[in-house]
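Working notes, structure below.
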Amino acid sequence: MELASLGSGSKGNGTIIRSGSSCVLIDCGFSLRETERRLALRGLSGADLSAILVTHEHADHASGVGSLSRRFRIPVYMSHGTLLTERCSDVYRALCFDSDDTFDIGDLSVRSVMVPHDARQPCQYVLESDGLRVGILTDIGSITPHVVAAYQGCDHLVLEFNHDVELLMSGPYPPSLKQRVASDLGHLNNQQSADFLKQVDSDQLRSVVIAHVSEQNNSADRIERALVETLGHTFDKHCYATQSEGFDWISLTDDQLCPSLRAVNA
Ligand SMILES: [Zn+2]
Ligand SMILES: [Zn+2]
């Protein structure tokens, strides 16, 4: 099982998971041309994708889904609510699921997990293959018991550390946007994300990719501080997904995952 990213953050997202002959793209928030450029950097074309999984209709996750899916005839999985939104109604073929359904895409078993976020019917995903479980969790305003239960036992996580509360509140966003981001239907702050790691037993996790980091309202220093203060010890199993490049292919069976990835992103 392998994992890569085309980019991560409020200007565009796309995460790739590959196992055996199955290769899925989770979200596509880039133009068709930019998506093809970024896929090529990972050695892929749109024709290599088995499916696109959409988490919700916000532009940074869904603006490129329709054109990519039509261009390469890729089926698109999403919740019924997401399909009802204008941004996701123009795909090549829509395959809709109910909240918390589990379904297979070739070698991958996919579970959708409903999350609190200010979209029509937003979800995130836990994928399993080769005896490994990978959780993708961004764009969630608050952690619910349901989410903690769904992400227990993950070997790897791609987890949002969106903002630092202090930086958000003293930063340049207008008051209404600050409120939206910080609300229970907005995005996770560093403390919430670090608390979540504690709740899902971070000792069992083999790696965490820190994702959807706000360029304006966060910093690596603040994230590192929240991790150490919350977990009570140095946490060294993580690395960062960037807006401009995401991250290159990593094998999820590689124990050296995070140190090598840090070097790539340094
Ligand atoms: Zn987003
Ligand atoms: Zn969103």
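Indexing begins at 1, ligand by ligand and atom by atom, following the structure's order.
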**Report entry** Reference residue Gln124; test side chain to side chain contact (heavy atoms under 4.5 Å, CB included); the match among Val158, Val147, Val115
**Finding:** Val115

Requested in this report: Sort and list the pairs that fulfil ring-ring contact (aromatic ring centres under 6.0 Å, His included) and have at least one residue in residues 120-139, not counting sequence neighbours.
Outcome: none

Query raised in the report: What pairs with Phe97 under ring pair (Phe, Tyr, Trp, His ring centres under 6.0 Å), at least two apart in sequence or on another chain?
Result: Phe103

Query raised in the report: When the aromatic ring centroids of His212 and His61 are compared, is their separation below 6.0 Å?
Result: yes

**Report entry** Atoms of the protein (N/O/S only) found under 2.8 Å from the Zn ion (ligand 1)
**Finding:** Asp60 OD2, His61 NE2, Asp139 OD2, His212 NE2

Report summary line: Closest non-hydrogen contact found for Gly135 with Tyr151 is CA-CE2, 3.6 Å

**Report entry** Counterpart residues, side chain to side chain donor-acceptor pair (under 3.5 Å), relative to Asn189 (two or more places apart)
**Finding:** Gln192

